[in-house]
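Okay, so here's the structure we're looking at.
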Amino acid sequence: MANHLFIPLVSPLLGATLAVIFGRQRLVARAMVLASVLCNLGYSLWLLWLVGTQGRQVSQGGGWIAPFGISMVADGLGAIMLCVASVLMLATVAYSFFTLDPAYERYFYYPLLLLLLLGVSGAFLTGDIFNLYVWFEVLLMASFGLITLGGTRGQLEGGLKYMVLNLVGSTAFLIACGLLYGVVGTLNMAHIAERMASVREPGILTAVACMFLFAYGSKAAIVPLYFWLPTSYHTPPVAVTAIFSGLLTKVGAYSLYRVFGTVMQNELQHLAPLLLLIAGLTMVIGVLGAMAQMNVRRILSFHIVSQIGYTIMGLGLASAAGLAAGLLFTAHVMIVKAALFFIGGAAEQIYGTAEIKPMGGLARREPALAIFWFLGILSLAGIPPLSGFFGKLALLQVGVGQGAYLISAVAAGTSILTFFSMLKIWNEVFWKKAYADMSKLPRVGPGLLLPGAALVVVSLVAGLAASTLVDYSTLAGTQLFDQAGYIGAVCGADGCEAVYESALR
Amino acid sequence: MVLLLAIAIGSLFGGAIYLMLRRSVVKLILGLVLLSHGVNLLIFVMGDGVRRGAPPIVDAQGLPPPGVADPLVQALILTAIVISFGLTAFVLALAYRANQAVGTDDLDDMASTDRL
Amino acid sequence: MALNEWLTVLLCSVGVAFMLLSSVGVLRMPDLYTRIHAAGKAGTLGVIGVLLGVGLYYGDLLSAGKMVALIAFFLLTSPVAGHMIDRAAYLTGVKATPSTGPDDLQGRYDAEGRLH
Amino acid sequence: MLIALVLLALASAPLGLLARREPRPLIGWLLALIPLALFAGLCSQLPTVLAGGRVDAALPWVPAMGLELRFALDGLSMLFALIITGIGVLILGYAGFYMDKDPGLGRFLATLILFMGAMLGLVLAGNVLTMFVFWELTSVTSYLLIGYKHDYPEARRGAQQSLLITGGGGLALLVGLLILGQAAQQAGVPATEAYRFDAIIGAGEAIRQSPLYAPAVWLVFLGCFTKSAQLPFHFWLPGAMQAPTPASAFLHSATMVKAGVYLLARLAPGLGGTALWHTTLILVGGATFVFGAIVACRQFDIKALLAYTTLSMLGGLVLLIGLGGDYGAEALAVNILAHALYKSALFMVAGIIDHEAGTRDLKRLGGMRAYMPITMVVAALALLSQMAIPVELGFVAKEWMLEAALESPQPAPLRFLGLAAILTAAVAYIVAGWRLFRNVFLGQPHPDVLQHHVEEPKFGMLVAPALPALLSLVLPVGFLPLVSQFLSPAAGAVLGEPLRFELYLYHGVTPALLLSLSAIVVGGLLATRERQIAALPGAPAWFNGGLLFDRLIDGMLAFATSLTRRTQVGRMRAYMLYSVLAFLGLVGLPFLLFGLGAVRVGADSDLHFYEIIATGLIPVGILATITARSRLGAIIAVGVVGAMVSLFFVLFSAPDLALTQLLIEVLSTVFLLLVFSVLPARFESLSPSWVRWRDAGIAIVFGALMTGLVLATATSELFPPLAPYFLANSLAEGKGANVVNVILVDFRGFDTMGEITVLFIAVLGIFGLLRFRRQVPIAVRRSQHAVIPGAPVGGAEAATPEEEPVKG
Amino acid sequence: MYDSVILRTVARLMLPILLLLSVFMLLRGHNLPGGGFIGGLVASCGVILQMVAFGPSFARRVMPVNYLALAAFGVCFAAFWGLPALFSGLPYMTAFWIEPSIPGVGKIGTPVLFDVGVYFTVVGVTTQLALLLAEEPVLFPMPPEPPGAEPEGAPQA
Amino acid sequence: MGIFDLAMTTLMAATAISLALTTARLLLGPSIPDRAMAFDMIMIHVVALISMYAVMVNQQSLLDSVLVVALLGFLGTVALARYIEEGRN
Amino acid sequence: MLALNVVLAIMWMTLQRSFTLADFVVGFGLGLGVIMLTQRVLREQIADTAVLRQPGAQQGYPQRAILWLRFIGFALWSIIKANWEVAKIVVRPRLNINPGIIAIPLDVKSEIGITVLANLITLTPGTVSLDVSSYKDTIYVHCIDIQDADAIRDDIKQNFERRVMELFP
Ligand code: NA
Ligand code: NA
């Protein structure tokens with residue numbers, strides 16, 4: 001029993017509540033936030049290593065045996081996501097320390113960040129479908145708080161749409177949980193997997209699975225459920241946008257992976273063509289949206305949508321390799337996207353706007369910023385040896401290997417469009433001549449640059465040491481797709497149904 | 001029983017969707033409230049039978065009354081109710097502030113963040 | 001049927017009858033102010049009847065005591081509710097039926113809703 | 001060794017930044033030691049290669065994906081690698097002088113060295129994925145070099161165009177290579193080795209039979225044609241002339257653009273031999289060959305002229321691969337060498353002229369022979385080679401080209417086409433060469449030129465073009481056997497089998513010689529009329545790849561904008577509608593298809609009347625909500641619905657639920673009242689009636705769907721539920737009789753933990769939402785942002801951050 | 001200030017009763033309908049009633065509690081009682097019970113304490129929410145009523 | 001079903017009818033205070049229904065719930081009335 | 001306060017349905033806690049009533065108890081009467097009533113007294129107390145059928161207010 005699995009949940013929870021209680025002592029609150037994030041980071045790295053060496057880690061919440069209580073399960077997918085989430089959170093907290101108006105602090109910005117981390121971590125670790133819903137709500141609620149904190153008109157308008165459309169998605173999730181319990185009679189994912197696998201004629205189960213697709217899809221911002229994202233993501237402070245881009249849609253993607261990759265594999269095979277169609281549309285429509293924008297953050301926001309398409313493509317390939325490739329891509333995008341938001345945010349701080357037209361001349365003035373931005377967009381576009389290349393390569397390799405040529409072509413084509421729209425920012429903000437004397441504008445301090453730069457370096461290092469990364473993602477994909485292994489880890493070798501029957505005898 | 005309930009649930013969802021497609025913020029929020037009622041009832045029906053008069057309270061020997069209702073869905077719904085209460089409160093506050101910012105409760109006037 | 005059951009049914013019947021009556025009254029009365037009169041009956045005698053009946057059913061002092069407490073609660077709160085609604089109606093300008101006679105309240109509220 | 005070479009080249013790139021200090025010109029030559037060292041290192045392997053051997057090296061990278069840093073040095077790689085490093089030496093030295101006044105020289109040289117490393121990696125790669133890594137790197141570094149003068153819009157445009165074209169091609173190439181790897185795997189190569197060149201070539205026979213062959217080859221073509229600027233992707237190359245001249249000389253004549261040719265040549269033994277391969281290459285290569293040569297005759301900018309001849313020659317090289325055969329392979333090797341020598345020299349000369357005279361416009365030059373005679377000689381040597389005038393290396397190369405066409409194993413029409421293309425191009429080259437030489441060096445100097453202090457460039461600058469120009473002459477005259485020995489393994493690699501050939505200057509009166517001479521004669525004749533030729537009407541304006549490309553981009557942008565405008569409309573109800581329709585599509589359709597059979601409408605036998613009423617009042621309340629004409633009325637109606645739901649819970653054995661529901665209901669109602677009592681009481685009817693009816697229809701469908709789902713699932717008895725366990729263990733294990741509460745605090749306490757967290761977050765969020773604005777003075781936040789003065793401001797809501805916070 | 005003598009009097013009377021009722025609901029929750037949620041909601045209803053009768057500032061004064069901190073404390077408290085299990089090598093939130101039932105209160109164990117944490121959270125959150133919303137100044141200028149529109153209270157009978 | 005159960009069921013049905021009549025007032029309005037009054041009455045009906053139901057199914061624990069429901073009905077109505085008044089301008 | 005605390009403890013025991021010492025102790029403790037939390041309101045309420053109580057009006061416990069019982073009996077009887085009256089009006093085939101609002105001057109001073117009076121008025125025949133003026137000197141009553149306004153006024157003053165005044169000044 002890996003009871004330590006609760007640490008990444010208890011730590012942000014205590015951190016956040018204590019930070020609220022001690023909110024008046026700024027330093028104490030900050031220290032608590034930082035300590036808790038570092039704790040999560042250290043733990044998740046250790047957990048990843050543990051999962052890599054010893055396989056899945058399982059703990060039963062409250063000590064109740066598996067299909068009845070709430071199981072916590074860490075496999076490769078969960079551990080990797082947890083790691084990336086902690087890294088991003090650390091970068092975001094650091095960036096916020098340096099950039100954010102202190103007023104935010106008085107209104108519980110940092111506790112909200114921690115609670116977001118809590119929700120995300122819970123979602124990555126839980127092995128219970130309803131518990132997953134609860135963590136979804138935790139992270140959603142925290143994101144609602146964060147996206148509206150600041151109270152500009154844009155934040156309020158965007159936040160309202162963000163919130164309502166997300167509520168629709170999470171309501172669908174809840175309905176799906178209910179229907180699933182009605183049909184399958186259980187909530188434990190391993191048990192669901194076992195029971196669903198034993199059904200010969202899925203019938204209504206397909207509709208239920210589709211409802212999960214709708215629910216997670218709307219969280220992940222797939223076409224045609226992505227509209228909430230571009231309308232709201234560019235409104236809050238950059239740090240918030242960055243962490244959102246890194247974590248929120250990815251939780252939806254994670255859930256799709258978990259539920260379709262492990263729990264409902266039969267349905268995954270059914271839905272694979274649909275998923276690939278959605279993936280292609282999401283890639284293309286997202287990138288077209290980005291091409292239409294003239295604002296750094298809005299461009300990046302639309303790219304989030306586009307890149308979710310790649311993640312979905314990994315799922316739609318419906319194989320361990322596809323899932324591994326999709327995961328690799330997703331982990332990469334989480335990091336790089338946040339980095340780009342940070343660096344773009346630094347530019348925004350200089351010019352006081354995120355519109356690219358009035359900017360210019362940054363390559364001369366802030367060469368370090370320019371270098372990291374350029375590396376970032378290279379990574380995003382999948383240029384070797386940065387991490388993006390491996391994600392793209394893996395997806396294309398699996399796509400081609402499985403004969404999914406069309407989606408592979410779309411994926412490849414989308415990446416050049418991605419590059420194009422990112423070059424637009426590069427051209428306008430960095431290369432273009434400044435319109436006026438730049439000497440009056442503020443300079444970029446290390447606090448503004450470092451978090452983004454560090455993440456870009458992570459991307460570079462991840463690319464150079466891609467072998468480890470690929471090994472882990474392959475492990476994760478294999479574990480994810482290994483239904484029997486999952487059931488065995490959660491409920492023991494005989495499976496959940498055996499436990500169920502013996503408990504009720 | 002189930003048919004009757006199913007119709008009630010359907011009407012809750014239908015009403016919620018209709019309200020949420022309106023332009024007024026208030027109607028939208030009321031739609032959300034109805035939506036959560038619909039979901040709660042839906043989960044309730046999914047329990048191990050909808051039963052009369054046997055709440056899931058066991059006697060001193062730990063034996064449930066005959067024909068007891070499914071306690072699990074009740075616990076799930078409780079959780080869902082409380083969560084949706086938190087969400088409703090938040091959306092209310094948000095709508096209130098948006099109202100203040102925009103000066104109207106017409107959602108169509110809150111389209112500035114998407115303007116190209 | 002035991003005595004307590006007879007009593008219960010009897011008292012409940014009285015209560016229910018009054019509730020029905022007041023519902024009818026609420027539908028029939030010409031304006032809000034008169035409807036409040038009718039509504040008050042449901043809140044008092046109707047519910048008192050039912051609660052007394054229920055309290056007597058168990059035949060023990062405690063249940064009856066609880067019910068008496070509940071009745072006291074209703075006697076305390078139900079008129080307040082009526083008063084609040086009436087007052088709100090008057091202040092928001094809900095018109096009385098044309099046959100209304102004297103109105104000593106006319107013009108006694110100031111702009112803040114204080115009554116002089 | 002090879003790994004060290006490539007890594008050294010890449011790692012020494014930052015040294016380029018040294019050139020930020022004086023003396024810049026000398027630092028240029030100092031930096032040239034890097035490529036020199038590489039050149040030397042490569043030369044040390046010459047014996048092995050010339051003996052027909054191959055040097056291999058490999059470093060694992062991502063074995064799981066078949067990606068490794070595998071390098072292999074054979075004749076073809078050696079040829080390219082020596083050209084890259086050799087010319088690299090000259091270019092670095094030259095650049096130091098050429099750009100000595102440029103403050104960005106350090107950055108430029110660093111990028112240039114990086115590019116060289118990438119190029120070296122590309123030609124040395126022994127694995128297609130390794131090759132692709134460097135291929136992309138060359139595209140990127142080339143982008144930076146072309147956009148070096150990024151203050152100018154044309155430079156940015158040229159850079160972007162080249163990157164998009166080559167990058168897009170690169171992606172096609174990647175997919176193509178992956179398909180090749182896949183095909184190789186299908187042919188029995190293990191996955192970890194499937195992406196090696198030798199594996200692919202070795203499995204060539206199987207691959208050519210595979211259905212994957214055609215798509216793979218087309219994708220590879222796409223990559224190579226874009227990179228090597230073949231028709232119709234040629235237009236980025238002239239645009240790339242925005243790069244500083246040293247970069248043009250290096251990238252866009254000698255090295256990068258040849259990457260496509262290199263790859264085709266490299267893959268030829270495996271993928272060649274099919275009609276698809278040869279026909280396509282001959283047609284595309286021939287067309288580019290002729291097109292570039294003719295267009296070159298009409299240019300006025302020296303660099304543009306050179307760019308088009310480069311373009312043309314790349315076509316020629318592709319044509320040679322298409323022609324195939326021994327001669328084809330040999331001619332390819334010779335022509336690559338010859339072209340690299342003379343074209344780099346010519347570009348550098350063009351740079352010298354630009355540097356000294358301040359212009360590259362043929363119309364504004366002339367009479368330079370008086371001011372820079374040595375430069376003129378250098379230029380003449382290089383030009384003669386390009387014009388294939390005898391005894392120059394270019395002449396030898398052209399001979400071989402003609403032989404290749406004459407001896408090609410391809411069908412006669414193709415052969416003939418190739419021959420025609422070669423002859424046409426040869427004639428045009430003479431015209432173009434003469435035109436360049438005459439307008440720059442002969443005649444009267446243009447008045448503009450006289451304003452400059454034109455003089456012979458410094459030795460350090462002149463030596464760079466002089467060396468290759470001289471080699472163009474010296475090699476054929478004195479070292480032809482050496483050259484032949486050197487080129488043989490390269491040709492062998494293209495052919496796929498060991499090969500040994502001897503170049504010659506004169507081999508008797510062969511058809512090739514005759515053709516060659518007649519081309520010179522015709523060219524010479526036409527050259528006298530170069531002005532008229534330049535004045536001839538050109539291709540129609542629309543026949544301009546660059547323009548078409550721009551139109552394509554603009555069209556795509558317009559499409560993207562209109563699509564985004566139409567979908568991302570900003571109206572909540574539109575988004576809501578999308579969501580609802582998506583739900584109907586994603587859930588409703590599968591339900592209709594798969595779930596309808598599960599719907600069971602059981603007769604409700606023992607319903608009590610009050611139950612019917614309590615449940616039936618729910619729809620009534622909803623109706624009241626929908627039809628309410630005031631906010632408060634609607635709120636009250638919703639409250640009633642909630643009360644009915646609670647009543648329902650009471651009636652059906654869920655007292656906890658009922659209580660909680662009711663409490664929450666009343667609290668929510670109070671909150672709603674708090675918030676909305678301040679709004680005007682009346683709802684306005686905002687939507688037209690058809691919208692309302694449409695929405696009503698959608699809502700009804702939605703409701704029906706949910707009803708159906710409930711009916712289909714509620715009666716499902718596929719599996720027994722978990723509930724009995726909780727009932728059985730509540731008191732014994734959970735120490736509580738209220739099973740619901742025991743579930744909440746114990747069995748599933750973790751849910752409750754999350755749930756109170758949600759509440760907690762809600763209050764934090766609302767606190768910030770409602771209070772934030774009060775205590776933050778607007779001035780504080782505003783002062784952190786400044787919009788650059790004089791800049792155009794985008795949209796009205798452009799400046800979100802400094803937007804007025806709502807007054808509070 | 002809102003001014004209704006009757007409401008004020010009744011509201012005053014009800015506050016202590018509601019608080020007592022809330023504790024009752026909390027403690028009996030493990031065996032009968034009730035529990036932390038219901039108890040907490042009842043308690044906050046008591047405060048909200050004060051708020052309705054007297055206005056939010058009075059409601060804050062009448063029970064001088066920092067509700068936000070109370071909510072944080074509640075969550076912290078609830079989370080805390082899961083920790084003992086973790087330290088004794090059991091999964092988080094594994095229950096510990098004090099064996100003999102405490103007279104007048106009932107069985108005490110970590111789940112009950114957890115429920116108390118829930119109670120505090122709910123009281124803190126709902127009360128704070130109500131007060132926050134009620135303390136909002138009405139700043140939003142209302143658009144003028146269109147001239148033709150009848151107020152809804154117009155007689156129709 | 002015994003006579004008692006039958007009687008109670010009948011009484012509940014009558015209460016339900018009364019409830020429906022009250023709901024009609026809710027629908028008809030016409031003024032908002034009318035609806036608030038209807039809301040109050042509905043809550044009272046709910047109290048009556050729950051009390052009788054508690055007897056019918058012999059669940060004494062429901063009677064405590066009745067207390068809470070009564071309280072909530074009061075709170076809801078008072079709040080309604082108060083904020084109807086608040087929004088009068 | 002102590003009395004209140006005991007009352008709360010008893011209330012607790014009632015709720016718990018068990019009258020043991022332990023329950024009393026717990027209930028007393030909880031009551032103490034509740035009183036501590038709410039003492040601000042309670043003090044206002046008690047102070048308000050105590051101040052108004054005239055020195056001479058103090059009566060012995062038995063008298064007060066009898067007054068209470070009489071009052072409750074009267075109130076219950078009035079309520080039943082009231083319901084009957086209104087029921088008759090409701091079922092009347094034709095409604096020809098003459099409603100109106102009349103003002104009644106108040107002698108009761110304490111808030112609790114006013115509240116009890118107002119409730120009593122509402123609970124009794126055909127009258128609903130609509131509001132009390134902010135100086136607590138007038139109560140406005142809506143009557144469902146006014147034949148003689150002064151008669152109603154007198155009835156209320158004599159019957160109700162007097163009885164209320166006996167208990168709450
Ligand atoms: Na819960
Ligand atoms: Na329950």
Side-chain angles (χ1 to χ4, degrees), chain B residues 1-4 6-11 13-15 17-18 20-21 23-24 26 30 33 37 42 45 48 50-58 62 64 68-72 74-75 77-79 81-83 85-86 88-90 92-93 96-97 100-101 105-108 111-112 114-116, chain D residues 565 568 570-573 576 580 601 604 615 618-619 622 625-626 631 634 638 645 652-655 657 660-661 664 668 671 675-676 686 695-696 699-700 702-703 706-707 710-711 714 721-723 726-727 730-732 737-740 743-744 751 755 758-759 762 765-766 769-770 795 797 806:
Chain B
M1 200 83 69
V2 172
L3 180 64
L4 189 66
I7 292 168
I9 292 168
S11 62
F13 276 106
I17 293 299
Y18 180 81
M20 291 175 78
L21 288 170
R23 282 166 67 174
S24 152
V26 185
L30 296 181
V33 173
H37 287 327
L42 182 139
V45 191
D48 188 11
V50 180
R51 308 238 166 76
R52 217 178 269 140
I57 294 169
V58 295
V68 67
D70 187 331
L72 183 55
Q74 296 192 14
I77 297 171
L78 255 171
T79 306
I81 289 177
V82 175
I83 287 178
F85 167 70
T88 308
F90 193 91
L92 261 175
Y96 165 75
R97 290 280 286 122
Q100 273 190 332
D105 92 325
D106 186 352
L107 283 165
D108 278 14
S112 71
D114 275 324
R115 215 166 286 143
L116 266 178
Chain D
R565 274 227 177 88
Q568 200 73 31
R571 289 192 301 272
M572 169 83 91
R573 61 197 167 101
M576 205 53 225
V580 171
V601 186
D604 290 337
T615 324
I618 291 175
I622 295 165
T625 314
I626 290 174
R631 282 189 182 75
V638 165
V645 172
F652 292 99
S653 324
L657 265 187
T660 314
Q661 170 75 61
I664 294 277
S668 306
F671 289 3
V675 169
F676 290 112
L686 294 167
D695 293 345
I700 288 170
F702 194 94
M706 295 317 292
T707 305
V710 169
L711 288 178
L722 295 182
F726 301 116
L727 290 167
S730 173
L731 193 63
N738 181 0
V739 186
V740 176
I743 292 178
L744 283 176
D751 277 350
E755 166 195 349
V758 171
L759 279 185
I766 294 174
L769 192 60
L770 295 179
E797 39 47 279
V806 182

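Bear in mind the structure is a predicted one, so any value in this text is a computation, not a measurement. Both backbone and side-chain heavy atoms feed into the values below; hydrogens, waters and symmetry mates do not.
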Exercise for review: Keeping the roles fixed (side chain from B:Ser11, backbone from B:Ala8), state whether a donor-acceptor pair exists under 3.5 Å.
Suggested key: yes

Check your understanding: Under 3.5 Å, is there a donor-acceptor pair between the side chain of B:Arg97 and the main chain of D:Leu769?
Key -> yes

Point to revise | D:Thr707 side-chain N/O to B:Ile7 backbone N/O, donor-acceptor pair under 3.5 Å | key: no

Review point. Side chain, backbone, both or neither: which part of D:Leu759 has an atom under 4.5 Å from a heavy atom of chain B?
Key: side chain

Study note, to complete from the structure: The interface call for D:Phe726 against chain B, heavy-atom contacts under 4.5 Å, is side chain

Review point. Checking heavy atoms, do the side chain of D:Ala634, its backbone, both or neither come under 4.5 Å from chain B?
Key: both

Practice item. Sort out for me which of D:Ala714, D:Ser668, D:Ala762 touches chain B most, counting heavy-atom pairs under 4.5 Å. Key: D:Ala714

Check your understanding: Relative to chain D, which segment of B:Val33 carries a heavy atom at a distance below 4.5 Å: side chain, backbone, both, or neither?
Key -> side chain

**Study point:** Salt bridge flag under 4.0 Å for residues D:Arg573 and D:Asp695
**Key:** no

Review point. Can you tell which of B:Gly86, B:Pro64, B:Ala93, B:Ala69 has the highest number of heavy-atom pairs within less than 4.5 Å of chain D?
Key: B:Ala93

**Study point:** Option that, when pairs with chain D are counted at under 4.5 Å, heavy atom only, ranks first among B:Asp108, B:Ile57, B:Ile81
**Key:** B:Asp108

Review point. What is the distance from atom CG of B:Asp114 to atom CZ of D:Arg565, rounded to the nearest 0.5 Å?
Key: 12.0 Å

Point to revise | Proximal component of D:Leu722, with respect to chain B [non-hydrogen, under 4.5 Å] | key: side chain

**Study point:** Contact class of B:Val82 relative to chain D, heavy atoms under 4.5 angstrom
**Key:** both

Review point. Which one of B:Ile83, B:Val58, B:Val68 has the most heavy-atom pairs closer than 4.5 Å to chain D?
Key: B:Val58

Check your understanding: So, B:Phe13 versus B:Tyr18, ring centres under 6.0 angstrom or not?
Key -> no

Check your understanding: Got a second to check how far B:Asp70's CG is from D:Leu727's CG, nearest 0.5 Å?
Key -> 7.5 Å

Revision key, fill the gap. Turns out that what part of D:Pro721 lies under 4.5 Å from chain B's heavy atoms comes down to side chain

Exercise for review: Identify the residue among B:Phe90, B:Phe85, B:Tyr96 that makes a ring-ring contact (aromatic ring centres under 6.0 Å, His included) with D:Phe671.
Suggested key: B:Phe85

Practice item. Look at the side chain of D:Gln661 and the backbone N and O of B:His37, then say whether any donor-acceptor pair between them is shorter than 3.5 Å. Key: no

Exercise for review: Could you have a look at B:Asp106, B:Val45, B:Leu92, B:Leu107 and say which one has the most heavy-atom pairs with chain D under 4.5 angstrom?
Suggested key: B:Leu92

Study note, to complete from the structure: Of the listed D:Ala696, D:Ala723, D:Gly703, D:Ala737, the one with the largest count of heavy-atom pairs under 4.5 Å with chain B is D:Ala737

